[in-house]
Amino acid sequence: INISNINMISLLTTAVLLNGVLSHGPCGFDEARQRALDNDVDGSLHKRLAEMESHFESEKHKHRFNAMVRKGKDRRGLQDGVFDGLGFSTSDYFQGILEIPVVVHVLYNPNYQNYNLDDIITHERIQSQIMRLNKDYLADNDDTISGPAGFASDKANYKMAYKLHKVIRKEVSWKEYNFGAGNKTHFDVSPVIDPKHYLNIYVVTEETDTDGNIVLGQCSWPGLLKDDDHGKYDGCTIHYQAFGDSSVKYWTNEWKKDLGLSQVNGYKDTHGRTTTHEIGHYLNLYHPWGNKQIDFQWVGDRTCGSDTVWDTPQTMGPHSRCPATSDAFNNYDYTHSCDGKRDQYMNYMDYSDGECRTMFSKGQLERTLSIMNKPFADGGRKELVDYQSKPEHSQGRFVNDLYFTVTSETQESKICGPSDELVHNFGTAVDNGRVYACVSTTDNPYVDVIGDVSLKSVITGTNPGNNCIATLESDSYACFDKVPFTDSSRMTVDQVQQKLENLFLS
């Protein structure tokens, strides 16, 4: 719901007034925010965040006004609800689909509980997470709306696609990463790559908060970092068990090396929705229950909190499991928690199980867009858009990633991920499906693209390295080289398709 009539500074400092109560749910956002505000001795952070909320209100009125002009509506009606159905456009902020470059940092300890993340986080698994992000942020997820049909019209298409730029693998000595007390060890081991233009995702082993509770992820919130830390520590940290989408089938059993995801603190995610959720924070979103309640500890008069978004109903607190099919908390009907209204427990920013979260709302998209014209230095993500004005952007689309997938789907447009292209049908039957080769393409000059594809023989049990995909031959991998976007060897879809035919049909 919207709280435009509430003092913004009061809202933003709520976390400081919680008497040390921290979130023990799967997300580290609440603790990180509280810690940052607690350490804001000079008040500059409070001032910046209050200004960001003011900017959100201003942007909200501006693009609602633009939407009304497009629809020929009465321009005086700018209140919440009037916006619904106006057909507001992301084109007020960027053209077409915004392509966000992703750098994945895999931090592995080869002696961690018999699991080596260097082996577990394969190219297939990384690609499955990218595919999940694209499905969710392009509103192309197969599970559509789970739960009450009344929320279907609120679902938003963010028109954002994530493009894999590179994978960085670094060996570490620690087994458990504790982000409590502002620990930034992982950023020091593998420095952030240009956070103005790249989303940096760190995949780690155990991830815990200050009290030792396991969490599944945490992303930097816009503007939450101090000026001197802003360019060094902006990124996402994801527990390895929650990274990737196990519902995606590949040519081999590469995904199954980690035996899937077990429940962590009662929360389960085998669909890669933890990363979808955490990037929501990176893009300026709160949890649906807002700032009134953390870790089931009530604040003040126990009224429901606010996430400043008009079309996410007030929610008393986080959900777990799938509320549509189970009573989440001791048989209490937690699906109608505030004023008897339905909760939007299928929202990506809730804590329901991964397969039960299926949507962002239009109001959440509205909040995200407010930072897309605000500079990085001021707490925004404007620089993610600036590639669209670079001359190289008009040079065409080139292949930035290649993957093999197994599916029983016969409709060509659904065989590959959204915005990806089918380039080869192997005709091979595996796991009640057939094997296909798909490519991701980009026109973002910040993304490295494929310069060549070859077959590589690897000793069994040996890591083939980055950009290598397992084939049916036990020791054979299809590997590709990555080059800068402007390199003369960059490959188009047709060139990759021809290369694959030469490799596998010759």
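For the residue pair Asp311 and Gln364, the shortest heavy atom distance occurs at OD1-N, 4.2 Å. Of all the heavy atoms in Ile126 and Val167, the pair that sits closest is CD1-CG2, 3.8 Å. Shortest non-hydrogen contact noted between Tyr351 and Cys27 is OH-CB, 3.4 Å. Taking all atoms of both residues into account, the shortest heavy-atom contact from Leu138 to Pro418 is CD1-CB, 3.9 Å. In plain terms, the two heavy atoms of Val449 and Val399 that are nearest each other are CB-O, 3.2 Å. The nearest pair of heavy atoms linking Pro222 to Gly379 is CB-O, 2.9 Å.
Taking the salt bridge (Lys or Arg N to Asp or Glu O under 4.0 Å) definition, one finds that Lys374 meets it with Glu51, sequence neighbours left out. Evaluation of the salt bridge (Lys or Arg N to Asp or Glu O under 4.0 Å) rule for Glu421 yields no partner, not counting sequence neighbours. Every residue meeting the ring pair (Phe, Tyr, Trp, His ring centres under 6.0 Å) condition with His281, not counting sequence neighbours, appears here in chain and number order: Phe29, His277, His287. By the side-chain hydrogen bond (donor to acceptor under 3.5 Å, both in side chains) test, Asn373 is found to be paired with His55, Glu59, residues two or more places apart in sequence or in another chain being considered. Taking Glu278 as the reference, nothing meets the salt bridge (Lys or Arg N to Asp or Glu O under 4.0 Å) condition, with sequence neighbours excluded. Every residue two or more places apart in sequence or in another chain that forms a side chain to side chain contact (heavy atoms under 4.5 Å, CB included) with Ser220 is listed here: Leu225, Asp234. Take Asn466 and apply the side-chain hydrogen bond (donor to acceptor under 3.5 Å, both in side chains) test, not counting sequence neighbours, and it matches Arg169. Listed by chain and residue number, Tyr137, Tyr158, Tyr348 satisfy the ring pair (Phe, Tyr, Trp, His ring centres under 6.0 Å) test with Phe360 (two or more places apart in sequence, or in another chain). Legend: residues meeting side-chain hydrogen bond (donor to acceptor under 3.5 Å, both in side chains) with Asp401, ordered by chain and number and at least two apart, are His123. Listed by chain and number, the residues in a side chain to side chain contact (heavy atoms under 4.5 Å, CB included) with Lys390 are Tyr387, Glu392, Pro445, Tyr446 (sequence neighbours excluded). Residues forming a side-chain hydrogen bond (donor to acceptor under 3.5 Å, both in side chains) with Ser190 (at least two apart in sequence, or on another chain): His105. Checked against salt bridge (Lys or Arg N to Asp or Glu O under 4.0 Å), Lys135 has the following partners two or more places apart in sequence or in another chain: Asp142.
No side-chain heavy atom of Asn400 sits under 4.5 Å from any side-chain heavy atom of Asp448. Side-chain atoms of Asn157 and Thr90, non-hydrogen and from C-beta on, never get closer than 4.5 Å to each other. With a 4.5 Å cut-off on side-chain heavy atoms, Arg357 and His271 do not count as touching. The shortest side-chain heavy-atom distance between Leu133 and Thr276 falls under the 4.5 Å cut-off. Between Met52 and Ile371 the shortest side-chain heavy-atom distance falls below 4.5 Å. Looking at Leu199 and Cys236, their side chains come closer than 4.5 Å, going by heavy atoms from C-beta outward. Considering only heavy atoms from C-beta on, Thr315 stays 4.5 Å or farther from Tyr345 through its side chain. Side chains of Lys362 and Asp154 form no contact here, defined as non-hydrogen atoms less than 4.5 Å apart.
With hydrogens and angles ignored, the 3.5 Å screen pairs a side-chain donor or acceptor of Asp42 with a backbone N or O of Ser44. Under the 3.5 Å distance criterion, the side-chain polar atoms of Lys232 are left unmatched by any main-chain donor or acceptor of Val192. Side-chain atoms of Asn200 never come within 3.5 Å of backbone atoms of Gly235 as a donor-acceptor pair (strictly under, hydrogens ignored). For the pair Arg367 (side chain) and Asn284 (backbone), a donor-acceptor distance under 3.5 Å is present. In this structure a side-chain-to-backbone donor-acceptor pair under 3.5 Å is missing from Gln411 to Ser413. Within the 3.5 Å criterion, the main-chain N or O of Thr275 finds no donor-acceptor partner in the side chain of Gln129. Formation of a donor-acceptor pair under 3.5 Å by the Ser361 side chain with backbone atoms of Thr312 is not found in this model. Panel note: side chain Arg125, backbone Gly244; no donor-acceptor pair is recorded below 3.5 Å. Checking side-chain atoms of Asn141 against main-chain N and O of Thr358 turns up a donor-acceptor pair under 3.5 Å.
Residue Ile130 holds its CD1 atom at 9.5 Å from NZ of Lys163, rounded to the nearest 0.5 Å. The NZ atom of Lys414 lies 6.0 Å from the CG atom of Asp140; values are rounded to the nearest 0.5 Å. Note that CG of Asp92 and CD of Glu366 are 11.0 Å apart. Values are rounded to the nearest 0.5 Å. In this structure, the separation between CG on Leu98 and CD on Gln388 is 6.0 Å, given to the nearest 0.5 Å. Note: Tyr93 OH to Leu384 CG = 15.0 Å, rounded to the nearest 0.5 Å. Note that OG of Ser440 and CE of Met131 are 9.5 Å apart. Values are rounded to the nearest 0.5 Å.
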### Query
Where do Leu37 and Leu45 land on the side-chain contact (heavy atoms from CB on, under 4.5 Å) test, with the steps shown first?
CA-CA 7 Å; Leu37 292 171; Leu45 180 57; 4.0 Å; yes

### Task
Given side-chain contact (heavy atoms from CB on, under 4.5 Å), test His197 with Asp386 step by step and report yes or no.
CA-CA 8 Å; His197 300 108; Asp386 71 12; 3.0 Å; yes

### Task
Report the C-alpha separation of Tyr202 and Leu107 in whole Å, then their side-chain angles, then the decisive distance to 0.1 Å, and conclude whether the side-chain contact (heavy atoms from CB on, under 4.5 Å) test is met.
CA-CA 7 Å; Tyr202 291 77; Leu107 306 186; 3.9 Å; yes

#### Entry: Pair Thr368-Met160, side-chain contact (heavy atoms from CB on, under 4.5 Å): steps then yes or no
CA-CA 11 Å; Thr368 288; Met160 294 180 181; 4.0 Å; yes

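Geometric assessment of Arg381 against the ring of Tyr282 yields a positive cation-pi assignment under the 6.0 Å and 45° thresholds.
Under a 4.0 Å N-O distance rule, the pair Asp136/Arg132 qualifies as a salt bridge.
A donor-acceptor pair shorter than 3.5 Å cannot be found between the side chains of Thr442 and Asn444.
Using bins of under 30°, 30° to 60° and over 60° for the plane-to-plane angle, the ring pair Trp221/Tyr286 lands in the tilted bin.
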